[in-house]
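From a predicted model like this one, the values you see are computed outputs, not experimental measurements. Every heavy atom of this structure was used, including side-chain atoms; hydrogens, water molecules and symmetry mates were not. We name chains A, B, ... by the order of the sequence lines, and we start the count at 1 in each one.
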Number of protein chains: 2
Amino acid sequence: MPNTFKTAAERRIRQCGGRVTAGRVRILTILLAEQQAITHREIERRLLGKLPLDRVTLYRVLEWLTDKQLIHKVVSDDRVWRFHTNNELNSHQHAHFKCTSCASVICLDELPNERDWSLPIGYQFQEIELTVKGLCAECV
Amino acid sequence: MPNTFKTAAERRIRQCGGRVTAGRVRILTILLAEQQAITHREIERRLLGKLPLDRVTLYRVLEWLTDKQLIHKVVSDDRVWRFHTNNELNSHQHAHFKCTSCASVICLDELPNERDWSLPIGYQFQEIELTVKGLCAECV
DNA sequence: TACTAGTTGCAACATTGTTGCATTACTAAA
DNA sequence: TTTAGTAATGCAACAATGTTGCAACTAGTA
């Protein structure tokens, strides 16, 4: 039900005190409806049929949504950001899986024990970034 | 002793059946002498005083050295590849540490148990990519 | 020494993301 | 409802990183 996603998007944007603009709603709606983390380019493609949205605006909206913690960025070995909505389960730190065949990215729940890492003396832990690579169910 | 590094670089290149060219030797020498993983741009800077080496050649040499497994690439959240030599300790999978202040990157030894990851049904594990972020001893 | 395939340098291009600035439009207040 | 102020947008130009095609060069070999 895309309409539900749109309503949720509007609510979330309003809740964090931002202006409810068409671009923000469209982009967050797309991300809410999406199971996996998708790229700027993939979002652009999903916006195609409808009235166009500027590339730069898309970048800025994604940055804004990330700042407001409505979504999060995933870095990957192809040097492209991917974006995924936050929810109660994955607003904290979590791992990602990337398919080495089709490049799809999903979020995983678990993380290794953060304090397990024996860093060199004098180094200070902040956070962990973990990507598991392999084949997704489609590509096996 | 930079001369030792140069000798080692020549030996390693010859060992894997490649032509021993000035560019390859210079670049691998730099990487052997370096504690941390460094970027294309940082390598370029270290080549400055001496006779110049083309940007594209540098990219191609780094790719070649990676293919031959003499060095490995590290992906990072700034979307820039960093390169570090392989040795017995880290030619296998290992984790990386990145300083969130000065962006320096080093290699860590340990990895979490690879099979611990409960992937969705039908997904197949291949490898793991882990970056611990925090402050290095210089920046604490 | 001469040959040849592998390597390099150069120019042009591709992709992803950023900045500056004038215009538009969301929201709150009148 | 209208208005005004500011946040958001669109456009053009730019920046950083990496890639491709091709002619010229050179390391290794016969």
Side-chain angles (χ1 to χ4, degrees), chain A residues 6 9-29 37-48 50-68 70-83 98 103 105, chain B residues 6 9-30 37-48 50-68 70-83 103 105:
Chain A
K6 191 181 172 202
E10 286 169 353
R11 192 183 63 245
R12 290 195 191 194
I13 291 167
R14 205 178 307 276
Q15 270 173 0
C16 68
R19 285 195 186 172
V20 182
T21 67
R24 285 178 184 171
V25 172
R26 289 170 72 193
I27 294 167
L28 186 52
T29 300
I38 56 177
T39 64
H40 176 281
R41 185 166 282 271
E42 288 167 329
I43 298 171
E44 239 180 352
R45 231 174 281 137
R46 283 164 178 66
L47 288 170
L48 264 188
K50 312 147 196 182
L51 65 150
L53 189 72
D54 190 71
R55 244 166 50 81
V56 177
T57 302
L58 178 45
Y59 276 115
R60 290 200 266 230
V61 167
L62 289 172
E63 192 187 3
W64 186 87
L65 291 170
T66 304
D67 280 354
K68 297 297 181 185
L70 294 178
I71 65 176
H72 65 276
K73 280 180 175 186
V74 186
V75 68
S76 156
D77 54 4
D78 55 10
R79 309 188 329 112
V80 178
W81 292 115
R82 283 175 174 74
F83 299 86
K98 179 171 183 196
V105 173
Chain B
K6 191 182 173 203
E10 286 168 354
R11 192 184 61 246
R12 292 195 189 194
I13 292 167
R14 204 177 308 276
Q15 269 172 359
C16 65
R19 285 199 187 169
V20 181
T21 67
R24 286 179 182 170
V25 173
R26 288 170 73 194
I27 293 167
L28 186 53
T29 301
I30 288 172
I38 56 177
T39 64
H40 176 279
R41 184 165 283 270
E42 287 167 329
I43 297 171
E44 238 179 352
R45 230 174 282 135
R46 283 163 178 67
L47 288 169
L48 264 188
K50 313 146 196 181
L51 65 150
L53 189 71
D54 190 70
R55 245 166 48 80
V56 176
T57 302
L58 179 44
Y59 277 115
R60 291 201 265 229
V61 168
L62 289 171
E63 192 187 2
W64 186 87
L65 292 170
T66 303
D67 280 353
K68 297 298 182 187
L70 295 177
I71 65 177
H72 64 277
K73 279 181 174 186
V74 186
V75 67
S76 156
D77 54 5
D78 55 10
R79 309 187 329 113
V80 178
W81 290 116
R82 283 176 174 73
F83 298 86
V105 173

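- Atom CG in Leu58(B) sits about 12 Å away from atom C1' in dT17(D), given to the nearest Å.
- Closest contact between the side chain of Trp64(A) and the listed nucleotides dT7(C), dT16(C), dA8(D) involves dA8(D).
- Ring pair His72(B)/Phe83(B): centre-to-centre distance not below 6.0 Å.
- If you measure from atom CG of Asp78(A) to atom C1' of dT19(D), you get 15 Å, rounded to the nearest angstrom.
- Among the atoms of the strands shown, base atoms are found under 4.0 Å from some heavy atom of Arg60(A).
- Among dG9(C), dC11(D), dG18(D), the nucleotide with an atom closest to any side-chain atom of Asp54(B) is dG9(C).
- With a 4.5 Å cut-off on side-chain heavy atoms, Leu28(A) and Arg24(A) do not count as touching.
- Put simply, the side chain of Arg19(A) and the base of dA8(D) share no donor and acceptor less than 3.5 Å apart.
- Counting atom types as modelled, Arg79(A) pairs no side-chain N or O with a base atom of dT16(C) as donor and acceptor under 3.5 Å.
- Side-chain contact between Ile38(A) and Trp81(A) is absent, with no heavy atoms from C-beta onward closer than 4.5 Å.
- Here Asp77(B) does not pair with Lys73(A) in a salt bridge; the nearest charged N to carboxylate O distance is not below 4.0 Å.
- Within the nucleic acid shown, Arg55(B) comes within 4.0 Å of at least one base atom, counting heavy atoms only.
- Look at CZ on Arg26(B): it is 13 Å from P on dA27(D), rounded to the nearest Å.
- Mapping Arg41(A) and Val56(A) onto DNA chain C via the closest heavy atom, the residue that lands nearer the 5' end is Arg41(A).
- Neither OP1 nor OP2 of dG6(C) sits under 4.0 Å from any side-chain N or O of Thr21(B).
- Where Ala22(A) and Trp81(A) each meet DNA chain C at their nearest nucleotide, the meeting point lying more 5' is that of Trp81(A).
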